[in-house]
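Report on the structure given below.
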Amino acid sequence: MTKLLLSLHVLASILAVGPITVAASMFPRYAKPPAPGDDGPHDHDLRTAAFLHKICRGYAVVGIAVPVLGLATGAQMGVLGDAWLVASIVLTTIAAALLMSMVLPGQRELLEEEGEGLPGAGTGEGAVGTGAGSGALTVAARRSAAARLAMTTGIFNLLWATVVVLMIVRPGSTTGA
């Protein structure tokens with residue numbers, strides 16, 4: 001049973017958290033408007049940004065399976081009290097809180113500022129808006145918000161990378177590695 005739980009936990013991690021980390025990392029690049037007067041090539045593409053946001057939202061729901069399966073695996077192995085697992089649980093909780101409280105809302109805010117249609121925004125599922133968002137933020141402020149979101153997403157990704165290392169190395173563990 002332990003091998004099955006561990007396999008499901010690893011698969012869920014790869015298939016759920018992996019897409020979130022990639023899509024969240026790519027989002028700011030596509031949501032950031034070009035600098036005023038910048039006529040050169042840029043990656044500002046709201047359709048792509050909206051798609052990346054949808055990936056992050058969808059996989060965040062599926063990602064709940066990762067800690068659930070991880071706790072079940074830890075209980076089966078009898079290591080729930082080990083320091084490496086407790087640290088992983090704490091880091092996973094911080095990463096989930098960061099995703100739910102800063103990354104996803106930050107993405108939504110950038111899309112709404114640009115007038116991008118989001119579910120519940122009144123323009124239809126995934127429809128591209130007119131670019132006539134609330135206009136509360138200037139281009140410079142939206143560029144700054146995209147940069148902060150990129151930094152927050154980087155922290156989110158570093159938390160997950162640290163959890164992966166802890167899961168592999170398991171410092172102080174008597175059960176392997």
Side-chain angles (χ1 to χ4, degrees), residues 1-32 43 45 48-112 116 118-121 125-126 144-177:
M1 183 61 140
T2 302
K3 289 181 181 182
L4 174 65
L5 286 171
L6 183 57
S7 297
L8 291 174
H9 173 62
V10 171
L11 281 171
S13 299
I14 293 167
L15 298 176
V17 178
I20 295 170
T21 60
V22 173
S25 295
M26 292 174 64
F27 179 90
R29 174 181 178 179
Y30 291 100
K32 182 172 69 172
D43 293 323
D45 180 354
T48 302
F51 179 67
L52 293 169
H53 177 63
K54 190 173 184 177
I55 289 171
C56 291
R57 281 191 346 254
Y59 280 95
V61 173
V62 176
I64 294 169
V66 175
V68 169
L69 290 167
L71 287 171
T73 304
Q76 185 74 25
M77 293 173 65
V79 295
L80 285 179
D82 287 8
W84 63 270
L85 188 58
V86 172
S88 295
I89 292 168
V90 169
L91 293 175
T92 297
T93 303
I94 293 169
L98 198 59
L99 178 67
M100 300 310 288
S101 69
M102 296 183 76
V103 175
L104 293 176
Q107 290 177 348
R108 188 177 313 111
E109 180 181 313
L110 279 169
L111 289 172
E112 287 172 354
E116 178 66 21
L118 290 171
E125 178 75 32
S144 179
R148 280 191 308 278
L149 182 59
M151 177 197 65
T152 304
T153 300
I155 293 168
F156 169 79
N157 291 344
L158 283 173
L159 287 168
W160 279 116
T162 304
V163 169
V164 168
V165 170
L166 285 172
M167 292 287 140
I168 294 169
V169 175
R170 299 189 290 186
S173 172
T174 60
T175 60

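Numbers here simply count residues along the sequence, with the first being 1.
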Legend entry - T152 side chain to R148 side chain, donor-acceptor N/O pair below 3.5 angstrom: no
Legend entry - Reported CG-to-OH distance for the pair D45 and Y30, which is rounded to 0.5 angstrom: 7.5 Å
Legend entry - CZ-OG distance between R170 and S88, expressed to the nearest 0.5 angstrom: 10.5 Å
Legend entry - Minimum heavy-atom distance between I14 and P19, given as atom pair plus value: O-CD, 3.5 Å
Inset, instruction - Might you point out which heavy atoms bring G106 and L149 nearest each other, and give the distance in Å? - result: C-CD2, 4.1 Å
Inset, instruction - Can you measure from CD1 (I20) to OG (S25) and round to the nearest 0.5 angstrom? - result: 11.0 Å
Inset, instruction - Kindly give the heavy-atom pair with the smallest separation between C56 and A24, and that separation in Å. - result: SG-N, 3.5 Å
Legend entry - Nearest atoms (heavy-atom pairs only) where P67 meets T92: CB-CG2, 4.4 Å
Legend entry - Full working for side-chain contact (heavy atoms from CB on, under 4.5 Å) between I89 and L71: CA-CA 9 Å; I89 292 168; L71 287 171; 3.7 Å; yes
Legend entry - Within 6.0 Å of CE in M102, more than 12 heavy atoms from elsewhere: no
Inset, instruction - Using atom types as modelled and distance alone, determine if a side-chain donor or acceptor of H9 lies under 3.5 Å from a backbone N or O of L69. - result: no
Legend entry - Any side-chain heavy-atom pair of V10 and L6 under 4.5 Å: yes
Legend entry - Minimum-distance pair of heavy atoms, taken over all atoms of L111 and A49: CD2-CB, 3.9 Å
Legend entry - Of V103, I94, L98, the residue whose pairing with I155 passes side chain to side chain contact (heavy atoms under 4.5 Å, CB included): L98
Inset, instruction - Identify the heavy atoms of V66 and S13 that sit nearest to each other, and give their distance. - result: CG1-OG, 3.3 Å
Legend entry - CD-CG distance between Q107 and L104, expressed to the nearest 0.5 angstrom: 5.5 Å
Inset, instruction - Measure the spacing between CG of L99 and OG1 of T21 and express it to the nearest 0.5 Å. - result: 10.5 Å
Legend entry - Inter-residue atom distance F27.CZ - L110.CG, 0.5 Å rounding: 5.5 Å
Legend entry - Flag side-chain contact, heavy atom, 4.5 Å: V79 against W84: yes
